[in-house]
Asks: 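The structure is given below, and queries will be raised subsequently.
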Protein chains: 2
Amino acid sequence: MARPREFDEGVALQAAVDGFWSQGYGAASTRDLAARMGLTTASFYNAFGDKRGLFMKALDQYLSGTLSQRIARLDQLPPRQAVAGYLADVVERSLGDPQRRGCMLINAALDVTAQDPDIRAEVAGGLGEIRAFFLRHLQAGQADGTISSAQPAEDLSHLFLSVVVAMRVMARLHADRDQLEGMARPALALLGP
Amino acid sequence: MARPREFDEGVALQAAVDGFWSQGYGAASTRDLAARMGLTTASFYNAFGDKRGLFMKALDQYLSGTLSQRIARLDQLPPRQAVAGYLADVVERSLGDPQRRGCMLINAALDVTAQDPDIRAEVAGGLGEIRAFFLRHLQAGQADGTISSAQPAEDLSHLFLSVVVAMRVMARLHADRDQLEGMARPALALLGP
DNA sequence: GCGGTTCTGTATCGCTCGCTCCAGTTAAAT
DNA sequence: ATTTAACTGGAGCGAGCGATACAGAACCGC
């Protein structure tokens, strides 16, 4: 019936993720985003609505890509290794990015976008997924005795989430490996011998 | 020699702190800031140079006000109470702010301003002060036996900093008391009985 | 190959941004 | 009282912003 798109929506969206990730919502201009995505202004607005809509789609893509993939991979491990593995993964990702962009989800939490209820809900949902991952494995580990039950799994899951969040913030400030691993060590000590 | 200022620099600067705090660096326009501060554009630039300069002065004011005062107050307490008191203080401040602005210092860490080396250094310095506070009291507590020495004070100080950072991030997402105190409880458990 | 529909490319729109300029005002120094 | 230097008020600069308009190009079903 009509002329087909000349670009791949998924590829373009990933370029938008990169743009928002490294520049933040406010600082990423629609012109720059469109250029990164290889689109003209018209195609940009035609395909993605407006800047806010694009951001929400980009956040979706980030969550269902980076985050969900990591969780799925670590879910295969025994509880204790899954928990420790998540922290180790965050350290490596943080140190491995020369741009020190941190985590798009956590960056968004402190961005102005957090004043937008829809976006705030999506960010809170993403962080909730991370906490649910920790809670799931902490409970499993406490059930099979590989993780100490001295602290409630609920509380521990909050603590592990807070370590992840803080690592990502510190990573943006060019924290080194000692600082990041220093955060993780005492938290992991709570899991018991 | 000349006409004196009609405004108080400290009062105006505090208004700028509020503006940057609630809106962030990028989203706070010079027009809005000047209006909050009760200044015309000319006086604004005359007195504070430019937006970036104002932000750095505002960050200074925030650090030497809010942060240093809290540290000075808690330094009077015994080590264990000082550490626990800091966390309790952050919880109350976070929940007590109806705007949920979090902490200006930590907001700045994830703002675009963090790409500016000078600002990043100042933010890192502020966070370093918080960690130094924890380290000081953790070491004192380990020395007098009121705090467990099972974990190195260095590592613990990183963990407590990460709890503070994460609390402030979560506060912006309207986290409730359970979440914030859930982060604190296991961390405090590491201090021993 | 033709009609209809959706795409692309470019030229803007109206607005706000950070910042500057300058005439006019004020008050200390002489 | 005059000079002089700093401050005030407000207009306005160029640039960039998010978003739109519209003409033409490309493809599908027929």
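In what follows, chains are A, B, ... by sequence order, proteins preceding strands, each numbered from 1.
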Asks: Between C1' on C/dT8 and CE on A/Met37, what's the gap in Å once rounded to a whole number?
Replies: 15 Å
Asks: side-chain hydrogen bond (donor to acceptor under 3.5 Å, both in side chains): which pairs involve residues 114-123 of chain A, sequence neighbours left out?
Replies: A/Arg52-A/Asp116, A/Arg52-A/Asp118, A/Arg120-B/His174
Asks: A/Asn46 near the nucleic acid: base, sugar-phosphate alone, or nothing, with a heavy-atom cut-off under 4.0 Å?
Replies: base
Asks: Give the rounded distance in Å between these two atoms: NZ of A/Lys51 and P of D/dC17.
Replies: 9 Å
Asks: So, do B/Ile130 and B/Phe160 sit near enough that their side-chain heavy atoms are less than 4.5 Å apart?
Replies: no
Asks: May I ask you to verify if any side-chain N or O of A/Ser43 is less than 4.0 angstrom from the OP1 or OP2 atom of C/dT8?
Replies: yes
Asks: Taking only residues two or more places apart in sequence or in another chain, which ones pass salt bridge (charged side-chain N to carboxylate O under 4.0 Å, His left out) with A/Arg73?
Replies: A/Asp89
Asks: Heavy atom of residues 18-31 of chain B under 4.0 Å from DNA chain D: which residues?
Replies: B/Arg31
Asks: So what does B/Phe7 touch, heavy atoms closer than 4.0 Å: a base, only the sugar-phosphate, or nothing?
Replies: sugar-phosphate
Asks: Would you please name every residue forming a salt bridge (charged side-chain N to carboxylate O under 4.0 Å, His left out) with B/Arg136, sequence neighbours left out?
Replies: B/Asp75
Asks: Rounding to a whole Å, what distance do you find between A/Phe44:CZ and D/dA21:C1'?
Replies: 17 Å
Asks: Taking the side chain as C-beta and beyond, is there a heavy-atom pair between B/Ile119 and B/Met56 under 4.5 Å?
Replies: yes
Asks: Round to a whole Å and report the spacing from CG of B/Leu54 to C1' of C/dG18.
Replies: 13 Å
Asks: If I take atom CG in residue A/Asp50 and atom C1' in nucleotide D/dC17, what distance separates them, rounded to the nearest angstrom?
Replies: 14 Å
Asks: Heavy atoms only: give me the nearest A/Phe55-A/Met104 pair and the separation to one decimal.
Replies: CE1-CE, 3.9 Å
Asks: Run the side-chain donor-acceptor check on residues 10-22 of chain A: report pairs under 3.5 Å with partners two or more places apart or on a different chain.
Replies:
from: A/Gln14; atom 1: OE1; to: A/Gln61; atom 2: NE2; distance (Å): 3.0
from: A/Trp21; atom 1: NE1; to: A/Gly102; atom 2: O; distance (Å): 3.0
from: A/Ser22; atom 1: OG; to: A/Asp18; atom 2: O; distance (Å): 2.9

Asks: Do B/Asp144 and B/Arg80 have side chains that get closer than 4.5 Å, going by heavy atoms?
Replies: no
Asks: Output the rounded distance in Å from CG (A/Leu39) to C1' (C/dT8).
Replies: 10 Å
Asks: To the nearest angstrom, how far is A/Phe48 atom CZ from C/dC7 atom P?
Replies: 12 Å
Asks: Show each protein N/O and nucleotides 20-25 of chain C N/O combination with a separation under 3.5 Å, one pair to a line.
Replies:
from: C/dT25; atom 1: O2; to: B/Arg3; atom 2: NH1; distance (Å): 2.8

Asks: Side chains of B/Ser94 and B/Arg168: is there a donor and an acceptor less than 3.5 Å apart?
Replies: yes
